[in-house]
Amino acid sequence: MKKLILALFTLMLSSNIVIAAPINNLSSEQTALGFGTDSFYLEHKFTPSFTLGFQNLDWNGNDDIYGQFNLSENLRGIIGNRNFDSGSEIYLGMAVTGPLAPKCDGYASIIAGSSFKEFQAGANFKLTTTVDLNVNYHSYMPDVGKNKTGVGLGATFKF
């Protein structure tokens, strides 16, 4: 496990690093606080089918408020508002989740607004019952400007 973490850290340092909030599996009334290479997020699952979250993405100067709706066990609908303080833009998306191994859940998500698209695929490794390690590939594709893609590494604390 130490070699895997060292290899991921080395890969992260050698790539164009980005990370958005991962797709977490939370229980009702559970909160997640996560930190990535250059971002943080806070989300809370209010009901068995609705999660509300906030994320700050320093690499792009964007803040998001978003909601995730559990449409089935492995499928989620996403609606959000990016840059809600100025130049607000609503986006929609979908996410799929599923187990990859006994202590590892995988996910893929895509969101799109009128001026951008984002894709993310990753895995959450359960280190303890309240701490996850997240590894992902993330691609941010604005209609104007340069695409940002890379591997991200983060940690999620659940309480």
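Scope of the values below: all heavy atoms of this structure, side chains included, with no hydrogens, waters or symmetry mates.
Counted by atom type alone, Asp132 and Asn134 present zero donor-acceptor pairs between their side chains at under 3.5 Å. For the residue pair Asn24/Tyr41, the side-chain donor-acceptor check at 3.5 Å is satisfied. Side chain to side chain, Ser115 and Glu89 meet the donor-acceptor criterion of an N or O pair below 3.5 Å. Side-chain contact, Gln55 with Asp63: no donor N or O sits under 3.5 Å from an acceptor N or O.
Nearest approach of Lys126 to Asp105, heavy atoms of both residues: NZ-OD2, 2.7 Å. Ala32 and Leu26 make their closest contact through CB-CD2, 3.9 Å (heavy atoms, listed as atom of the first residue, atom of the second, distance). Taking both residues in full, the closest heavy atoms of Ser28 and Pro48 are given as OG-N, 3.1 Å, listed atom of the first, atom of the second, then distance.
Hydrophobic clustering (side-chain heavy atoms under 4.5 Å, transitive across Ile, Leu, Val, Met, Phe, Trp, Tyr) keeps Leu92 apart from Ile110. Taken together through direct or relayed side-chain contacts under 4.5 Å among Ile, Leu, Val, Met, Phe, Trp and Tyr, Leu100 and Leu153 form parts of separate hydrophobic clusters.
For Lys45, the salt bridge (charged side-chain N to carboxylate O under 4.0 Å, His left out) criterion is met by no residue, not counting sequence neighbours. Legend: residues meeting salt bridge (charged side-chain N to carboxylate O under 4.0 Å, His left out) with Lys117, ordered by chain and number and at least two apart, are Asp143. Remark: Phe46 engages His44 in a ring-ring contact (aromatic ring centres under 6.0 Å, His included) (not counting sequence neighbours).
Taking the six-membered ring for Trp and thresholds of 30 and 60 degrees, Tyr91 and Phe116 have ring planes more than 60 degrees apart, a perpendicular arrangement.
Residues Asn25 and Thr97 have side chains in contact (heavy-atom distance under 4.5 Å, counting atoms from C-beta outward). In this structure, the side chains of Phe69 and Ser49 stay at 4.5 Å or more apart for every pair of heavy atoms. In this structure, Thr130 and Phe157 have side chains that are not in contact, with every pair of non-hydrogen atoms separated by 4.5 Å or more. Looking only at side-chain heavy atoms (C-beta outward), Asn147 and Pro142 come within less than 4.5 Å of each other. Between Glu43 and Gln68, the closest side-chain pair of non-hydrogen atoms falls below 4.5 Å. Within the 4.5 Å cutoff, side-chain heavy atoms of Tyr107 are placed close to those of Asn136. Counting heavy atoms from C-beta outward, Asn70 and Thr47 have side chains that stay 4.5 Å or more apart. The shortest distance between side-chain heavy atoms of Leu42 and Thr31 falls below 4.5 Å.
The distance from the CG atom of Asn124 to the CG atom of Leu127 is 10.0 Å, given to the nearest 0.5 Å. The structure places CD1 of Ile79 at 12.0 Å from CD1 of Ile65, a figure rounded to the nearest 0.5 Å. Summarising the geometry, atom OG1 belonging to Thr128 is positioned 11.5 Å from atom CG belonging to Leu133; distances are rounded to the nearest 0.5 Å. Distance check: Tyr66 OH to Ile78 CD1 gives 9.0 Å after rounding to the nearest 0.5 Å. To the nearest 0.5 Å, the span separating NZ on Lys148 from OG on Ser139 amounts to 12.0 Å.
Remark: Ile90 CD1 is loosely packed, at most 12 non-hydrogen atoms of other residues, nucleotides or ligands lying under 6.0 Å away. For Glu73, the CD atom counts as loosely surrounded, since its 6.0 Å shell holds 12 or fewer non-hydrogen atoms of other residues, nucleotides or ligands.
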Decide side-chain contact (heavy atoms from CB on, under 4.5 Å) for Arg76 and Ile23; before the verdict, give the C-alpha distance in whole Å, the side-chain angles of both, and the deciding distance to 0.1 Å. CA-CA 9 Å; Arg76 298 182 195 179; Ile23 304 298; 3.2 Å; yes
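Between the side chain of Asn81 and the main chain of Ser88, no donor-acceptor pair closer than 3.5 Å is present.
Between Arg82 and Asp64, at least one side-chain nitrogen of the basic residue sits less than 4.0 Å from a carboxylate oxygen of the acidic one, meeting the salt-bridge criterion.
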